[in-house]
Amino acid sequence: MIVMCRKMPDHLLFLETLLQRNTDLYEQYQRVNAGYIGELRVDREWDDIFLEQEHYLFHDYQMTNQANFTHQIDTLFICRSFILLIEVKHIMGRLDFEEQTHQFIRTKSDGTQNVYRNPIDQIERHRLLIETLLLKWEIELPVIPAIIVTSPSAHIGMTPPHYLIFHVTGLRTKLQQLFEKYSPIVTSEQLHNLKVLLLANYERKPFVRSIIPANTIIGALCPHCQPTVRLQHWRGKSFQCPRCDKRFTDAIPKGLRNYKILFGELITNRAFREFFGIGDVKVAGNLLAQLNLKRIGERKKREYIIPNGVTWNKF
């Protein structure tokens, strides 16, 4: 049973929106997106596996430890026999997990190497936290860390023998082996209680946006022109593209949805004018009044809350 579904990470949505306005961020976006693609690939594998054993799945489980540091577990699987912690890596090339040096080395086909933080250390950190919680909750279950590689062109090289490190296509087989190795220890009621405790301890820290690069194009964008063109020449409820001359009546609602992702849900009259390039305070105020935005504060301190489905009011 899936208890917690995976959603697009806030950081990826932020980068995806920013990429429309700044192509210099393409490589950074690709790295983050590759990780998300790998996680979705593992999720699809779970969907294709039928398990008779009672179980619960938590995708992208997060919690905070006593030192206020976040633990982000790609997938947390609990059943009556064991707990499986999964770290997903979507990286191509030869992958060597060196236990002694605590290094994770990727070797490309041309021989160049990249050294990354060892995912074994990451998953061990999660294991110690879960084991501490189980001791506190008086629940006895073995906690098994696993690293799943998802890239079709990955070649798993050196691995410590006592860790589960395998390609995503082997998930079904590895699960079957674990069920054959571990017998049920806790009751269905205890497993349900563990699910409730994990949900109660779930905590996702608020997303902290990075600084927007100075060369980023702000404002309403033409959906047709490439490279990106900022819409100008405001008239009525529409903006005009200076390149293709087309006018767009949905430019401000779309722009505000982008603004919410990039800067947050609150916007002032001044920020509205700076973002869309509208110089007149009264014109901006009238436009804000014609949008379905809730207001907080009065006069100069007034802010507007941008909803997910911002549209023009219908009169």
Side-chain angles (χ1 to χ4, degrees), residues 9 11 27-28 30-39 41-43 45-46 58-79 81-136 140-182:
H11 186 209
E27 289 188 7
Q28 183 181 354
Q30 282 289 84
R31 287 195 299 270
V32 178
N33 189 49
Y36 183 54
I37 289 173
E39 292 165 359
R41 173 65 184 87
V42 177
D43 294 351
E45 196 70 21
W46 281 110
F58 301 77
H59 293 306
D60 191 22
Y61 182 81
Q62 298 185 32
M63 69 180 303
T64 304
N65 62 23
Q66 291 183 338
N68 202 34
F69 287 99
T70 298
H71 286 255
Q72 189 272 319
I73 302 173
D74 290 340
T75 297
L76 172 62
F77 173 89
I78 65 173
C79 64
S81 303
F82 57 85
I83 295 176
L84 183 64
L85 306 180
I86 293 177
E87 178 77 17
V88 179
K89 289 299 172 186
H90 186 75
I91 303 177
M92 62 182 64
R94 177 188 166 94
L95 309 178
D96 290 299
F97 301 78
E98 298 190 358
E99 187 177 21
Q100 296 299 319
T101 61
H102 293 263
Q103 288 182 309
F104 174 49
I105 302 172
R106 186 267 295 273
T107 305
K108 297 181 181 179
S109 57
D110 62 2
T112 58
Q113 292 187 330
N114 302 101
V115 181
Y116 302 97
R117 178 184 176 186
N118 198 330
I120 291 176
D121 295 329
Q122 292 175 268
I123 202 70
E124 273 295 306
R125 176 174 173 266
H126 301 327
R127 181 183 66 82
L128 290 172
L129 173 71
I130 297 300
E131 287 183 343
T132 301
L133 291 174
L134 291 178
L135 186 63
K136 175 183 175 181
E140 294 186 10
L141 277 174
V143 181
I144 304 161
I147 297 168
I148 297 183
V149 177
T150 57
S151 174
S153 59
H155 169 206
I156 300 175
M158 183 188 306
T159 62
H162 47 282
Y163 280 98
L164 281 178
I165 302 175
F166 56 92
H167 193 268
V168 62
T169 53
L171 178 59
R172 187 192 308 271
T173 300
K174 295 298 181 182
L175 276 174
Q176 185 60 41
Q177 292 172 351
L178 290 173
F179 279 117
E180 291 174 358
K181 180 177 180 180
Y182 297 97

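As a basis for the values below, the full set of heavy atoms in this structure was taken, side chains included, without hydrogen atoms, waters or symmetry mates.
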At their closest point, which heavy atom of Met158 faces which heavy atom of Arg94, and how far apart are they? N-NH2, 3.8 Å
Indicate yes or no: at least one non-hydrogen side-chain atom of Val143 is less than 4.5 angstrom from one of Leu128. no
Measure across Leu141 and Cys79 and return the closest heavy-atom pair with its distance rounded to 0.1 Å. CD1-O, 3.7 Å
Counting C-beta onward and ignoring hydrogens, is there a side-chain heavy-atom pair between Val88 and Val168 closer than 4.5 Å? no
What is the distance from atom CG of Leu171 to atom CG of Leu84, rounded to the nearest 0.5 Å? 7.5 Å
Search all heavy atoms of Trp46 against all heavy atoms of His59 and return the closest pair with its distance. CD1-CE1, 3.8 Å
Any residue meeting side-chain hydrogen bond (donor to acceptor under 3.5 Å, both in side chains) with Ser151, in chain and number order, not counting sequence neighbours: Ser153
Heavy atoms only: give me the nearest Asn118-Glu98 pair and the separation to one decimal. ND2-O, 3.5 Å
Output the distance between atom CG (Asp74) and atom CG (Asp60), rounded to the nearest 0.5 Å. 7.0 Å
Show me the pairs that pass salt bridge (Lys or Arg N to Asp or Glu O under 4.0 Å) and involve residues 154-179, at least two apart or across chains. Asp48-Arg172
I'd like to check Ile144 versus Ile83 (side-chain heavy atoms, cut-off strictly below 4.5 Å). Are they in contact? no
Which residues share a side-chain contact (heavy atoms from CB on, under 4.5 Å) with Gln28, sequence neighbours left out: His11, Leu15, Leu25, Arg31
Under a 4.5 Å cut-off applied to non-hydrogen side-chain atoms, are Lys108 and Asn114 in contact? yes
Give, for atom NZ of Lys136 and atom CG of Leu134, the distance between the pair rounded to the nearest 0.5 Å. 11.5 Å
Determine whether Ile165 and Pro160 make a side-chain contact, defined as any pair of heavy atoms from C-beta on separated by less than 4.5 Å. yes
So do Arg106 and Lys89 actually touch side chain to side chain, heavy atoms under 4.5 Å? no
Heavy-atom pair of closest approach, residues Ile148 and His167: CG2-C, 4.3 Å
For the residue pair Phe82 and Phe179, categorise the inter-ring angle as parallel (less than 30°), tilted (30 to 60°) or perpendicular (more than 60°). tilted
Verify side chain to side chain contact (heavy atoms under 4.5 Å, CB included) between Arg41 and Thr169, making sure each step is shown before the conclusion. CA-CA 10 Å; Arg41 173 65 184 87; Thr169 53; 4.0 Å; yes
Give, for atom CZ of Phe97 and atom CD1 of Ile105, the distance between the pair rounded to the nearest 0.5 Å. 11.0 Å
Just verifying a value: how many Å separate Gln103 CD and Asp121 CG, rounded to the nearest 0.5 Å? 10.5 Å
If we only count heavy atoms from C-beta on, is the Thr173 to Phe166 side-chain gap below 4.5 Å? no
Is it the case that atom CD in Glu180 sees more than 12 heavy atoms from other parts of the structure closer than 6.0 Å? yes
Which pairs with one or both residues in residues 122-135 pass salt bridge (Lys or Arg N to Asp or Glu O under 4.0 Å), sequence neighbours excluded? Glu124-Arg127, Arg127-Glu131
Show your working on side chain to side chain contact (heavy atoms under 4.5 Å, CB included) between Leu95 and Tyr116 and close with a plain yes or no. CA-CA 10 Å; Leu95 309 178; Tyr116 302 97; over 6 Å; no
Got a sec, which residues hit ring pair (Phe, Tyr, Trp, His ring centres under 6.0 Å) with Phe58, two or more places apart in sequence or on another chain? Tyr61
Between CD1 on residue Ile147 and CD1 on residue Ile86, distance to nearest 0.5 Å: 11.0 Å
side-chain hydrogen bond (donor to acceptor under 3.5 Å, both in side chains) partners of Asn68, counting only residues at least two apart: none
